[in-house]
Amino acid sequence: MIPVLDSVKARRTPFVNVAFIAINLAVFIYELTLNAADLNAFFLDYGIIPAQLDAWASDPDGFEESLTVVSATFIHGGWLHLAGNMLFLWVFGDNIEDALGHIGYFVFYFVCAVGAAAAEVAFDTSSLLPVVGASGAVAGVLGAYLVLYPRGIITVLVPFFFFIPFPLPAFVIIVFWFLMQLASGVASIGTTEVSEGIAFWAHVGGFVTGFVILLVLRRFVKRRPYTQARRGGRTQMW
């Protein structure tokens, strides 16, 4: 299912959300200028290497390794990886920025990225494969949306039904997505290969982080009313 519209109208201009999308696009365009060797080096330098981040957490030395948690969120492994993450961010992110405010959303996004990285490292401590992508932070946005707008109507396109748009409640789409990530993460435990290069535990960690944060803050957040739908080398990707 591909979300394209949601029924919650944000009243605050999502400057931060748009900036995140713009930076991701700019970084990907830069990636396209690199040859294969330089691109691989770019992933290794700025992506998360679970084994190295775990070693840093055990014995912190400087900030270079820890900052990959931030830099990795702006790197993507291909057009589909980028397009999927940016579409989800476009549909759901503006509402979370509207609820938290610009600064609050900025901090929230990167806290979710930290939660995503922590989960991935915890379940894949010895991996030397770079982990890149915004999906961990975007998963946190989905978790927050589930808390704030579970009855919001999301218009989705279903490829197997000739991309006919279907309106579905947000909780159906988001809970289904989360259960798929959790099941895939559990299935990957004890295996030496990560299915399709996807860091499922980063998705789970980011989602849980965002869900818990908004569960705690919900009473302090002003939610918008529901309205009519509007427009809206190997590397692991998340």
Side-chain angles (χ1 to χ4, degrees), residues 2-6 8-34 39 42-43 45-48 63-64 66-117 130-149 152 154 170 174 199 202-203 205-207 209-211 213-214 217 220-224 230-232 235 237-238:
I2 305 171
V4 291
L5 304 170
D6 78 299
V8 182
K9 183 173 178 58
R11 296 176 186 174
R12 197 191 311 259
T13 303
F15 296 113
V16 176
N17 201 56
V18 171
F20 284 152
I21 293 172
I23 294 171
N24 275 283
L25 289 173
V27 171
F28 188 73
I29 291 172
Y30 171 71
E31 290 177 43
L32 295 178
T33 68
L34 302 176
L39 182 60
F42 183 68
F43 286 157
D45 288 340
Y46 296 103
I48 295 169
F63 297 99
E64 184 176 353
S66 60
L67 288 177
T68 60
V69 173
V70 175
S71 60
T73 64
F74 296 109
I75 302 171
H76 289 82
W79 282 109
L80 289 179
H81 187 207
L82 174 71
N85 281 340
M86 295 306 99
L87 180 59
F88 271 76
L89 194 58
W90 175 258
V91 172
F92 298 101
D94 61 333
N95 300 119
I96 307 307
E97 181 173 351
D98 189 52
L100 297 178
H102 304 308
I103 296 175
Y105 179 65
F106 181 87
V107 174
F108 168 83
Y109 187 87
F110 289 112
V111 170
C112 290
V114 171
V131 180
V132 300
S135 301
V138 173
V141 171
L142 293 180
Y145 197 99
L146 180 61
V147 173
L148 295 180
Y149 302 110
I154 309 298
I174 296 174
H203 297 179
F207 181 92
T209 301
F211 183 86
I213 290 174
L214 262 296
L217 297 180
F220 306 108
V221 173
K222 184 177 181 180
R223 286 175 282 180
R224 301 301 184 189
R230 57 178 174 77
R231 290 187 184 276
T235 300
M237 298 180 291
W238 54 286

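The two atoms that bring Val16 and Glu97 nearest to each other are N-OE2, 3.0 Å, heavy atoms only. Scanning both residues, Ala116 and Gly136, for their nearest heavy atoms gives CB-CA, 3.5 Å. The shortest non-hydrogen separation linking Ile75 to Gly47 is CD1-N, 4.3 Å. In plain terms, the two heavy atoms of Val8 and Asn95 that are nearest each other are O-ND2, 2.8 Å. Among all heavy-atom pairs drawn from Phe207 and Leu142, the shortest one is CE1-C, 4.0 Å. In this structure, Phe88 and Val138 approach most closely via the heavy-atom pair CB-CG1, 3.7 Å.
Side-chain contact between Val18 and Trp90 is present, with heavy atoms from C-beta onward closer than 4.5 Å. Asn85 is not listed as a side-chain neighbour of Asn24, based on a closest heavy-atom distance of 4.5 Å or more. A 4.5 Å side-chain heavy-atom check between Leu89 and Ile21 finds at least one atom pair inside the cut-off. His102 places none of its side-chain heavy atoms less than 4.5 Å from the side chain of Pro14.
We find the CZ-OG1 distance between Phe63 and Thr68 to be 13.5 Å, quoted to the nearest 0.5 Å. Atom NE2 of His76 sits about 4.5 Å away from atom CE of Met86, to the nearest 0.5 Å. If you take CZ on Phe43 and CG on Leu34, they are separated by 9.0 Å, rounding to the nearest 0.5 Å. With rounding to the nearest 0.5 angstrom, the OG atom of Ser71 is 7.5 Å from the CD1 atom of Ile48.
Under a 3.5 Å cut-off, the side chain of Asp94 and the backbone N or O of Asn17 do not form any donor-acceptor pair.
Listed by chain and residue number, Phe42 satisfy the ring-ring contact (aromatic ring centres under 6.0 Å, His included) test with Tyr46 (two or more places apart in sequence, or in another chain). Judged as a ring-ring contact (aromatic ring centres under 6.0 Å, His included), and not counting sequence neighbours, the contacts of Phe110 are Phe20, Phe106. Every side-chain contact (heavy atoms from CB on, under 4.5 Å) that Leu32 has, sequence neighbours left out, goes to Phe28, Trp79. Considering only residues two or more places apart in sequence or on other chains, Thr13 meets the side-chain contact (heavy atoms from CB on, under 4.5 Å) condition with Phe15. Residues meeting the side-chain contact (heavy atoms from CB on, under 4.5 Å) test with Val147, sequence neighbours left out: Phe211, Leu214, Leu215, Arg218. With sequence neighbours excluded, no residue satisfies side-chain hydrogen bond (donor to acceptor under 3.5 Å, both in side chains) with Tyr109.
Tyr149 and Asp6 share no donor-acceptor pair across their side chains, judged by distance under 3.5 Å alone.
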Candidate pair Val141 and Tyr105, rule side chain to side chain contact (heavy atoms under 4.5 Å, CB included), full reasoning: CA-CA 9 Å; Val141 171; Tyr105 179 65; 3.9 Å; yes
Apply the test side chain to side chain contact (heavy atoms under 4.5 Å, CB included) to residues Ile154 and Leu5: give CA-CA distance (whole Å), side-chain angles for both, the deciding distance (0.1 Å), then the verdict. CA-CA 6 Å; Ile154 309 298; Leu5 304 170; over 6 Å; no
Given the rule in the side chain to side chain contact (heavy atoms under 4.5 Å, CB included) test, do Phe74 and Val132 qualify, once you have shown the distances and angles that lead to the verdict? CA-CA 8 Å; Phe74 296 109; Val132 300; over 6 Å; no
